[in-house]
Each structure stands twice: as C-alpha cells, then as structure tokens.
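Reading through the structure tokens given below for one structure.
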Protein chains: 2
Amino acid sequence: MTDIKTGINPLFLREEELRQGIELLFFAYRDFTAEPDAILAEYGFGRAHHRVIYFVGRHPGITVSELLEILRITKQSLSRVLGQLVRERFIVQRTGVRDRRQRLLDLTEKGVELERQLTERQRARIARAYREAGAEAVEGFRKVLLGLVDEADRGRFPSRLPARRGA
Amino acid sequence: MTDIKTGINPLFLREEELRQGIELLFFAYRDFTAEPDAILAEYGFGRAHHRVIYFVGRHPGITVSELLEILRITKQSLSRVLGQLVRERFIVQRTGVRDRRQRLLDLTEKGVELERQLTERQRARIARAYREAGAEAVEGFRKVLLGLVDEADRGRFPSRLPARRGA
DNA sequence: GTCTTTATGTCAGTCATGTTGACATATATG
DNA sequence: CATATATGTCAACATGACTGACATAAAGAC
C-alpha cells in the first residue's frame, strides 16, 4: 500500500478533496443567498425575483428569450415572477425596434434601487473573500468555477475584462 | 481620471470583477445541480433528498438536529423528506446510545448506492475542473469559497486534510 | 401574398420544498 | 419533581418549479 509512512491513501485524499469541493459549493451558496433572501421577503419577493432583477440590470434591454436561456426555467415560471415585477413597476417592457415581437426588459429607477440593495450584500461578501484570499487565489477561484460551468455558457465570461472607451 | 491610456476606470474594474464572481457562482451552481436533479427525478425525489442523503452518507450516525443545522431548514421540512427516505429504505434510524432521545441516521446499502450514483456526477465535474485548472487554482478556489461561508461553519473545513491511521 | 416559424403571453393543473404555529412524547438534567 | 431538550406530527400556506394546451402578433421563406 502506498504512503505507509504518512498513513494516507492518495485515493482517499482525492475523494476527500472532491467532497470538500462539493461541500464548499453547498455552504458558500447557502450563505451567499441567505442575505438577499431576507431583504426580498420584506417585499414579498423570492429568490426568483432577485435573479430576474439581477440579469435585467446586468443586460439592459434583454429579451424574454435570452432571460429564459440564462435562468433555464420555463416561460410559465418566468412569466409569474416577471409579471409581478412589471406590475409593481420594478421592470418596464418596451417593444423591440429591429424585431417588434420582442419585449425588451429594463429596470426602472425603483428596480435599479432594489437591485443595488440586494446585490450590494453579495458584492460585499465576495469583496471580503477576495481581499482575504488574495489576487492569486481569486484567479484560481475563477478558473475552477468556470470549469464547473457548462461549456455553452463559458463565453459569458471573457478572460480579459472588456475595455471601455472614454472611461 | 485614472487610467486614461487604457480607458479603464479601476472602480469599474472592481465592480465588473465582483459581478463576475456573483455570476460564476450562479452558473456553476446551476450546472452543478442539474445532473443529479435529473437522476433524482427518476426516483420521484428532489434536490432536498439529495442533500439529506449526501450529509447522512458523509456523517454516518448524524443526529436530526445536526442535519437541521447544516441544511438550515425547519424540522417540518426535513421531516417530510427524511420520512420518505426512511419509508423507502434509503435511510435507517437507530436510537442514540448516550442519549436515547436522539435518532441517529445512517444510509442503507440502497442509500449508499443512490448516494454514490448522485454524487459521482458531481465528483466527476469537480475532478475535471480541478484537473483543468491545476493545483494552485484549486487552492485559490478553496480559499475564496471558504471566505464566502459564514464564520460559524468554516470549522467544517480543516486546512490540513485529516490523516488516517493504517490506510 | 400566403405559409410557416418565432417570440411572447396565458390558462389550468400539479409537484417539491420551504414556511409558521400548535401540540405530543420520551428522555435528560438540575 | 420540574424543566429543558430531541424529535415527531398535524394543519395551513407560499413560492417556484413543471407539463400541456392554446392564442396572438410579427418575421421570414418561397
């Protein structure tokens, strides 16, 4: 048997390593979503509303189809949540110019404010974790997480951050 | 304004960096849970069943209270899922020896088999991501994710993997 | 200009998983 | 003995997912 001196079987190590990864994802995600969930509850909203608000804020003018692809839920599921957000004036729909069948989605001022409030907690949590772990660790975090994402969606994460003209 | 040459505002960079982190977590978690979910559906189970099976498998003889602390759900929520798993013989309960009020939980052979089947996909996905990213990146991944976990639960992740005698 | 496809919306029913609140039982502990 | 703890259970409810069916408007093909 290998590693007799240390008493550690490398297969056990590997298994343990992988299980730690699984659990880190579980606990991190659990705690990462808990804070916004509490705020959402005050508005009578749930996590699904957060996801919609987040991605509409992130991609102004996003179409319903694009949103469905990101969330990987059915249009019926999205419809209820999106309908609420539109009725309560967190999101506005406008007809597409190039394609008049499309409903382009944007946050209202109210929506931007809620988005900011929700995401702020998560940004703070990530910022702290980044700061404590250091730049090199952040690079590794990104590399591994990107490897967990389905091939199809990796293109959403440019390896070099996009430059902006005239910043 | 800073960085006139590159046209990049460092505050924008930081914001973009943090949002990438948020989204990586979302997409990675979405894809990480999708495969087991499909298997669970064949058994008429959901993600909640997976979580229970996983942590009972991970901590044989775990008490109901300990499980509740990990999952952060109410005992009524757990009870439905756990009850099903016990009735369908994936999990057995035995009375605690030191404290006879406790119900210690263990996987049956059937439970171990399902756990293996479910977690195998996730292990494979993580193993691939680890392999592709390299050992250094894995270290960073762990460091950052651990920083996202609430203080209270960080002790679940020993910095040095535990040695086993006589492996 | 018709035909087909696409983008979106909607109605209806179901299921899984979480919640709160109230109460019950057995056992441990002071 | 009195109180606290570990667990279980009943009931009611909310959220967010699903399937299936059907409707409308606009785009695109031929």
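Residue numbers begin at 1 in each chain, while the letters A, B, ... track the order of the sequences. Side chains are part of it too, since the values below use all heavy atoms of this structure and drop only hydrogens, waters and symmetry mates. Everything numeric in this text was worked out from a predicted model, so none of it was measured.
Ring centroid separation for the pair Y29(B) and F26(A) does not come in under the 6.0 Å cut-off. Two rings, from F157(A) and F27(B), have their centers less than 6.0 Å apart.
The interatomic distance linking L71(A) (CG) with dT15(D) (P) rounds to 18 Å, in whole Å. At whole-Å resolution of the value, CG in L82(B) and C1' in dA6(D) are 14 Å apart. The CZ atom of R80(B) sits 12 Å away from the C1' atom of dA11(D) (whole-angstrom rounding). We find that CG of L85(A) is positioned 13 Å from P of dT15(D), with the value rounded to whole Å. The separation between Q93(B) atom CD and dA6(D) atom P is 16 Å, rounded to whole Å. Rounded to a whole Å, the CZ atom of R72(A) is 12 Å from the P atom of dC18(D).
Side-chain nitrogen and oxygen atoms of R51(A) include at least one within less than 4.0 Å of the OP1 or OP2 phosphate oxygen of dA17(D). Between H49(A) and dT15(D), a side-chain N or O to OP1/OP2 separation shorter than 4.0 Å is absent.
A 6.0 Å sphere centred on CZ of R100(A) holds no more than 12 heavy atoms belonging to other residues, nucleotides or ligands. Counting non-hydrogen atoms of neighbouring residues, nucleotides and ligands closer than 6.0 angstrom, the CD atom of E136(A) reaches no more than 12 such neighbours.
Here the nucleotide nearest the side chain of Q76(B), chosen from dA26(D), dT9(D), dG16(D), is dT9(D).
The side-chain heavy atoms of Y130(B) and L18(A), taken from C-beta on, include a pair separated by under 4.5 Å.
Contact footprint of chain B on DNA chain C: nucleotides with an atom under 4.0 Å from a non-hydrogen protein atom, first to last in 5' to 3' order, dA16(C) to dA28(C).
A salt bridge between E115(B) and R19(A) is present, with a side-chain N of the basic residue lying under 4.0 Å from a carboxylate O of the acidic one.
For S77(B) and V64(A), each mapped to the nucleotide of DNA chain C holding its nearest heavy atom, the one lying further toward the 5' end belongs to V64(A). Of the residues near DNA chain D, K75(A) and E66(B), the one whose nearest nucleotide (by heavy atom distance) lies more toward the 5' end is E66(B). Two residues, R101(A) and Q84(A), neighbour DNA chain D, and the one matched to the more 5' nucleotide by heavy-atom proximity is Q84(A).
Atom NE2 of H49(B) sits about 10.0 Å away from atom CG of L114(B), to the nearest 0.5 Å.
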